[in-house]
Structures are given as structure tokens and as C-alpha cells.
J.: 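Mind looking over this structure? Questions follow.
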Amino acid sequence: MDGAEFHAAVYETVRTIPNAHVTTYGHIAKLIGMPRHSRHVGQALKFLNPDTNPPVPWHRVIGSGGTISSRGPGTDGASRQRDALVAEGVEVVETRGGEFKVDLRQYGWFPTVPAPAELPPDENEENGP
DNA sequence: ATCATGACGTGCA
DNA sequence: CTGCACGCCATGA
């Protein structure tokens, strides 16, 4: 799995998020078989442009706990993401610290891992060190 | 090779 | 609830 395949996997998974639903970076990482690469999921989404085809609903990916990453004080990415989510019917609230949050219990979308990606399940797990 | 960085996650005070 | 520390890992200087 190289960088390009990683990006492609992230995009495909993000495209499967239903309308008016959200998921987390960590869960996307899990779905592609790399649960420790939550940060890199965000890195991949960063490469998306408004003219990306096919379009990727990047705004449906948020942090654990339902918080929208601010991406820095000077950027408007967070507000644009909130706007996109609200336009889809997702309720977004603003915390005291100026952060945006979504209720994952209501809008969260966390499907089970479809396939362990390149690491076939081994029924024998009693093989500790 | 080492150091710093980051659209993250989890644990703890 | 908020804030802080640490772990994780590809990427670029």
C-alpha cells in the first residue's frame, strides 16, 4: 500500500458515507485496515480540491468525539465544513471554545470493517510471544 | 540518520 | 466540561 493507494482507499471509503451522516478519521483508518493512520486520513483529505472528480464528501469526516478540526485559526475550513453539514441536515453545535461539534450518537456512521485488507483473518490467535 | 510536523486518538487530572 | 501528555506514523527539511 503506497501513498496513492492509501489516498484512493480513503476516498472510496469516504464516498460510502451516507448523506446526513458523519464518521471519524480513526474509523476511516480502521475501514482501510490501518487503524493507526488516523492522522494520515486527514493528510489525504487535504489533497482534495473543489474540482475533484468524482467528488468526495470530505465534510462528513470529523474527529473523535464529534469535533470538527479547526485546521488553524486563520483558515475557514471548519466553518465551510459546518456549513456543508448543516446544508445536509446535520445538526452542528458550537462549543464555548468556538469549536464545532456533531452528535455522533445521532449522525454517527460506524459500519463494521468489511475486510481486514491484505491481512486475512487467522482463526488461530493463540500464538502469543 | 535525526528532528519537527500534523484535517488524530486515548488516557488522565 | 477543559486542558495537557503521550502514542502513533508518513512526510519533508
Side-chain angles (χ1 to χ4, degrees):
Chain A
M1 166 99 61
D2 57 9
E5 289 190 39
F6 182 82
H7 284 196
V10 170
Y11 300 154
E12 285 185 33
T13 305
V14 170
R15 271 198 286 271
T16 63
I17 305 174
N19 190 291
H21 284 261
V22 296
T23 191
T24 66
Y25 299 96
H27 199 81
I28 295 293
K30 278 184 183 178
L31 291 179
I32 66 181
M34 304 180 90
R36 313 291 182 166
H37 290 60
S38 51
R39 306 182 93 126
H40 305 284
V41 173
Q43 280 291 115
L45 295 184
K46 220 168 52 165
F47 282 71
L48 292 173
N49 301 316
D51 62 330
T52 303
N53 191 300
V56 177
W58 58 270
H59 52 275
R60 294 176 189 154
V61 185
I62 60 183
S64 92
T67 59
I68 295 179
S69 303
S70 62
R71 271 100 112 180
T75 62
D76 60 336
S79 57
R80 286 190 295 112
Q81 180 166 3
R82 179 190 70 94
D83 194 56
L85 287 175
V86 171
E88 289 187 349
V90 177
E91 183 180 1
V92 182
V93 299
E94 186 172 5
T95 67
R96 192 181 62 185
E99 278 187 313
F100 300 117
K101 285 202 339 191
V102 177
D103 188 352
L104 292 180
R105 294 172 305 184
Q106 185 171 357
Y107 301 102
W109 179 77
F110 303 99
T112 52
V113 179
E118 302 183 30
L119 279 179
D122 190 348
E123 56 274 18
N124 285 343
E125 295 192 10
E126 298 306 304
N127 190 15

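In the text below, chain A, chain B and the rest are named by the order of the sequence lines, each starting its count at 1. Basis for what follows: all heavy atoms, side chains included, without hydrogens, waters or symmetry-related copies. Note that the structure is a prediction, hence the values are computed from the model and not measured.
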J.: Among the candidates C:dC9, C:dT2, B:dA7, find the nucleotide nearest to the side-chain atoms of A:Arg36.
T.: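 Of C:dC9, C:dT2, B:dA7, C:dC9 is nearest to the side chain of A:Arg36.
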
J.: Is the shortest side-chain N/O distance from A:Lys101 to OP1 or OP2 of C:dC1 below 4.0 Å?
T.: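 Checking C:dC1 against A:Lys101, a side-chain N or O does come within under 4.0 Å of OP1 or OP2.
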
J.: Would you say A:His37 reaches C:dA10's phosphate, i.e. side-chain N/O to OP1/OP2 under 4.0 Å?
T.: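 Yes, because at least one side-chain N or O of A:His37 sits under 4.0 Å from OP1 or OP2 of C:dA10.
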
J.: How close or far is atom C1' of B:dA7 from atom CZ of A:Arg82, stated in whole angstroms?
T.: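 Distance, rounded to whole Å: 17 Å.
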
J.: Starting the side chain at C-beta, find the nucleotide from B:dG9, B:dG6, C:dT2 nearest to A:Gln43.
T.: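 Minimum distance to the A:Gln43 side chain belongs to B:dG6.
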
J.: Does the C:dG7 base have a donor-acceptor partner in the side chain of A:Arg39 within less than 3.5 Å?
T.: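 Looking at the base of C:dG7, it does pair with a donor or acceptor on the side chain of A:Arg39 (distance under 3.5 Å).
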
J.: In whole angstroms, how far is the P atom of B:dC8 from the CD1 atom of A:Ile62?
T.: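 One finds 12 Å between P of B:dC8 and CD1 of A:Ile62, rounded.
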
J.: Taking any heavy-atom pair under 4.0 Å as a contact, classify A:Ser38: base, sugar-phosphate, or nothing.
T.: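 Base contact - A:Ser38 has a heavy atom under 4.0 Å of at least one base atom.
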
J.: Which whole-number value in Å describes the distance from A:Arg71 CZ to B:dC8 P?
T.: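 Nearest whole value for this atom pair: 9 Å.
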
J.: Between C:dC8, C:dT2, B:dA7, which one does the side chain of A:Leu45 approach most closely?
T.: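 Selected nucleotide (nearest to the side chain): B:dA7.
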
J.: Base, sugar-phosphate alone, or nothing: which one does A:Thr24 contact when heavy atoms must sit under 4.0 Å apart?
T.: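 Sugar-phosphate, no base atom in range.
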
J.: NE2 of A:His7 versus C1' of C:dC9: gap in Å, rounded?
T.: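 So the NE2-C1' distance, A:His7 to C:dC9, works out to 13 Å.
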
J.: Is there a donor-acceptor contact under 3.5 Å from the side chain of A:Arg105 to the main chain of A:Asp103?
T.: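 Pair absent, no side-chain N/O of A:Arg105 close to backbone of A:Asp103.
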
J.: What is the distance, to the nearest angstrom, from the NE2 atom on A:His40 to the P atom on C:dC9?
T.: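 Atom NE2 in A:His40 sits about 8 Å away from atom P in C:dC9.
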
J.: Which whole-number value in Å describes the distance from A:Asn49 CG to B:dA7 P?
T.: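 It works out to 16 Å between those atoms.
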
